[in-house]
Amino acid sequence: MIVEPQQARVVIPGTVRFLLLAFLAVVVSITSTATASEPNADSTLLETQQVEPVTSLVAQDFKYDNGERIELFWVPSVDDRLVDGLVTGYEVYRTVNEGDPQRLAILPPGANTFRDEAAEIDSVYSYYITTLAEETSAKSVATEPMTSEREWLNRDRGYLFLIAFVIAAAVIFFVETAKRGKKLFIRKIAGLEAIDDAVGRATEMGRPVLFVPGIHDMDDVQTLAALTILGRVSRTIADYDSKIFMPVSRSLVMTAARETIKSSYMAAGRPDAYNDDMVNYVTDEQFGYVASVDGLIVREKPATIFLLGAFFAESLILAETGNSVGAIQIAGTARPAQLPFFIAACDFTLIGEELFAASAYLSDEPKQLGSLKGQDVGKGIAMFFVIAGTVAATISYAWDIGPVNDVLDWLNQVFSSN
Amino acid sequence: MEHFGLWVGAFLTLGIYSFLYRDNAWYKLCEAIFIGISAGYWVVILFWDNFYGKFWIGREEEPMLWVGAALGVLMLCRLVPRIGWISRWPLAFIVGATAGLWMMNYFSSNIMAQVQSTIMPLLGEGYSASFGEIVGNFVIAVGTFAGLIYFYFSKEHKGAFGATARLGIWVIMITFGASFGYTVMSRMSLLIGRIDFLLGDWLGLIQ
């Protein structure tokens, strides 16, 4: 059985009823006022939300670069106007490999291009632009995923190519000149003049020659230069019937050194005197190699030591050990940090460029002499621009002369293309 | 086991230092251990890093790796005297590629970057430079020019040219002197490291 609750009967007095009605009237009035003001608020909000995004956003790979640039083009928002414009700027966003968006830049109103210069050729990129207004923003449609590409020609290096072309042309010119029989002058380089004497000394003393080609592999041009000198040294050794030993720290250097010495012995007409054991691999470990060479020096007591190639912390250890056994030492490297040690502890030192000039100097061949003369043309160009650039910079900063400023800008542009 | 390692390390360190007195059997033993272990270590490293890590893992995605592998196989032809001459091909490839790659690097660093760094106003921007800056800029410009003159091989070092070249070699030698002092100080840290090992880790005399 369901029992329904009894309804209560409430009797409201007349005064209270009047007050209640008055209160309701006030509430309705306030509510109607607020309702009337709402359309204004809505219209303001609609205005700010109506800022339009950019359109026609296109991302394309920058042509003729190293693959690090992607260019963006777009049509600015229709609200981007000089008069009554709503747009306060644009934000460029990038997603890499579908990851989280990264803001790349904030651009001023009116911008319609952007160049991303930090792209990597193995990544997939997508971009979008956010149009900024006072209280709102609008995001554009994102570009299709794309990658940047590395072209065969890099336009940034145009001036570098031009200067290299001039020097290469000079090399060819001098090579052809030398081939026609014209004598090309090269000044004397003391360290290289001493090679024959140093090998002769070893022969007279009946002691061997030690050749250390540095601790880098065949992918270092200093090692190549060292092996070129080795060709000449081993030829002299073969002629004098002296003895050479050459511990190396790279297997490829061992192979190349054996080939070089073998060729020299054959050129000297003494292939029978050549032995593969003249060159032996020790270890790739820097100080393991040094320990071995040091031991070799004090046990074999070579009369002449060549330290030519790429050296690091071992340079002074080797040079001092060689010095302690009274060997005449000819050293050479292009590493500025090691040259002071060689200069301090060796009899002759080939400083940087002299090491690379050695092959041409020693060979006396037209090709190599022409190459050396061509390099001198390069140095001449460098000297000219050092003077011209310094003068232009001094005048430009001191007196601010327009044409000189232009020349300075151009020079900076040329030599920054490296 | 840790103590055993410390004792072995100390034994080898002192053995190598004994060379400072003279060549001896202890040094020879340490030298042989060092060379043997390091050579073996590098074989393992090169195998896992180069052969396995680069070639074996990436052989399907990167066809060019097969070219490198083929050149490596050609190098092994040296082991057979009858076809040993084939090993010259990969060697020639390495030498040629190295020369080509380095050519542009040297153009870039030895010419372009060098000249760009030297182009600077001697008087300073808007006369704002201090006396020291002006002297510094002057030394850089003149020093670079004189240094280039020294390395110019096509002309005898005589007369004004010779004097400029001598100035160039003076600038180079002063630079080397500063570099010498700086590098010697950094090498001292190697010695300090070994002494720290002997007196601290091994003997516990310093904490």
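Convention: sequence-line order gives letters A, B, ...; per-chain numbering from 1. Owing to the predicted nature of the structure, the values given are computational and were not obtained by experimental measurement.
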- What are the two closest heavy atoms between B:Ser108 and A:Arg157, and how far apart are they? OG-NH2, 4.4 Å
- Message: Can you see whether A:Glu354 engages B:Tyr150 through a side-chain donor-acceptor pair at a distance of less than 3.5 angstrom?
- Response: yes
- Query: CG of A:Leu153: more than 12 outside heavy atoms within 6.0 angstrom?
  - Reply: no
- Starting at CD1 of A:Ile189, measure out to CZ of B:Phe151 and round the result to the nearest 0.5 Å. 10.0 Å
- Query: Any side-chain heavy atom of A:Ile167 sitting closer than 4.5 Å to one from B:Phe107?
  - Reply: yes
- Item | Aromatic plane relationship, B:Tyr106 with A:Phe356 - under 30° parallel, 30 to 60° tilted, over 60° perpendicular | perpendicular
- Note on the structure: Assert top hit (heavy-atom pairs under 4.5 Å, partner chain B, pool A:Asp220, A:Leu252, A:Thr255) equals A:Thr255
- Answer key: most heavy-atom pairs under 4.5 Å with chain A among B:Ala97, B:Ala99, B:Ala39, B:Ser87 is B:Ala39
- Query: Is it the side chain or the backbone of B:Met103 that comes within 4.5 Å of chain A heavy atoms, both, or neither?
  - Reply: neither
- Query: Can you check whether B:Ser154's main-chain N or O pairs, donor with acceptor, with A:Asp376's side chain at less than 3.5 Å?
  - Reply: yes
- Return the option, out of A:Gln375, A:Gln338, A:Lys373, A:Arg258, with the maximum number of heavy-atom pairs under 4.5 Å with chain B. A:Lys373
- Task: I would like to know whether B:Phe176 and A:Ile351 meet side-chain contact (heavy atoms from CB on, under 4.5 Å); could you show each step before the answer?
- Result: CA-CA 11 Å; B:Phe176 285 162; A:Ile351 303 171; 4.0 Å; yes
- Polar side-chain atom of B:Thr98 near backbone of A:Met218 as donor-acceptor pair, under 3.5 Å: yes
- Query: More than 12 foreign heavy atoms under 6.0 Å from CZ of B:Phe138: is that the case here?
  - Reply: no
- Which portion of A:Ile186 sits near chain B, non-hydrogen atoms under 4.5 angstrom: both
- For the atom pair CD (A:Glu259) and CZ (B:Arg78), what is the distance rounded to the nearest 0.5 Å? 5.0 Å
- Task: Please indicate whether B:Met173 has more than 12 foreign heavy atoms, meaning atoms of other residues, nucleotides or ligands, lying under 6.0 Å from its CE.
- Result: yes
- Message: Is it the case that atom OH in B:Tyr52 sees more than 12 heavy atoms from other parts of the structure closer than 6.0 Å?
- Response: no
- Using non-hydrogen atoms and a 4.5 Å limit, figure out which bit of B:Ile169 sits close to chain A: side chain, backbone, both or neither. side chain
- Atom group of B:Leu91 that falls short of 4.5 Å from chain A, counting heavy atoms: side chain
- Item | Which portion of B:Tyr41 sits near chain A, non-hydrogen atoms under 4.5 angstrom | neither
- Contact class of A:Ala344 relative to chain B, heavy atoms under 4.5 angstrom: side chain
- Contact winner vs chain B - A:Gly378, A:Ala393, A:Ala256, A:Pro340, heavy-atom pairs under 4.5 Å: A:Pro340
- Which heavy-atom pair separates A:Glu285 from B:Phe34 by the least distance, and what is that distance? CG-CE2, 3.8 Å
- Return the option, out of A:Leu372, A:Asp400, A:Asp294, with the maximum number of heavy-atom pairs under 4.5 Å with chain B. A:Asp294
- Tightest non-hydrogen contact, residues B:Met112 and A:Val414, listed as CE-O, 3.2 Å
- Which atoms of A:Leu184 approach chain B - backbone, side chain, both or neither, heavy atom under 4.5 Å: neither
- Is chain B contacted by the side chain of A:Leu408, its backbone, both, or neither, given a heavy-atom distance below 4.5 Å? side chain
- Straight-line distance of A:Ser416 OG to B:Ile119 CD1, nearest 0.5 Å: 10.0 Å
- Message: Please report the interatomic distance CZ(B:Phe145) to CD1(A:Ile387), rounded to the nearest 0.5 Å.
- Response: 4.0 Å
- Any idea which heavy atoms bring B:Tyr152 and A:Gly380 closest together, and the distance? CE1-N, 4.4 Å
- Message: Has A:Thr394 got a side-chain atom pairing as donor or acceptor with B:Leu122's backbone, closer than 3.5 angstrom?
- Response: yes
- Taking B:Ile16, B:Thr183, B:Thr144 one by one, which has the highest count of heavy-atom pairs under 4.5 Å against chain A? B:Thr183
- Message: Tell me if the aromatic rings of B:Phe153 and A:Tyr361 count as close, with their centers under 6.0 Å from one another.
- Response: no
- Closest heavy-atom contact between B:Ser179 and A:Pro336? OG-O, 4.1 Å
- Heavy-atom closest pair, residues B:Glu31 and A:Ser292: OE2-CA, 3.6 Å
- Message: What verdict does the side-chain contact (heavy atoms from CB on, under 4.5 Å) test give for A:Phe385 and B:Thr118, after you've listed the backbone C-alpha separation in whole Å, the side-chain angles of each residue and the deciding distance to 0.1 Å?
- Response: CA-CA 9 Å; A:Phe385 281 114; B:Thr118 313; over 6 Å; no
- Message: Nearest 0.5 Å, please: how far is CG in A:Leu296 from CG in B:Asp23?
- Response: 10.5 Å
- Item | Closest-packed option against chain B by number of heavy-atom pairs under 4.5 Å, given A:Ile381, A:Val386, A:Val391, A:Thr321 | A:Val386
- Note on the structure: CZ (A:Phe185) and NZ (B:Lys155) are apart, to the nearest 0.5 Å, by 9.0 Å
- Item | Part of A:Val298 lying under 4.5 Å from any heavy atom of chain B | side chain
- Which atoms of B:Arg88 come close to chain A, meaning under 4.5 Å heavy atom to heavy atom: side chain ones, backbone ones, both, or neither? side chain
- B:Tyr27 side chain vs A:Ala291 backbone, donor-acceptor pair below 3.5 Å: yes
- Query: Checking A:Glu353 against chain B: side chain, backbone, both or neither under 4.5 Å from a heavy atom?
  - Reply: both
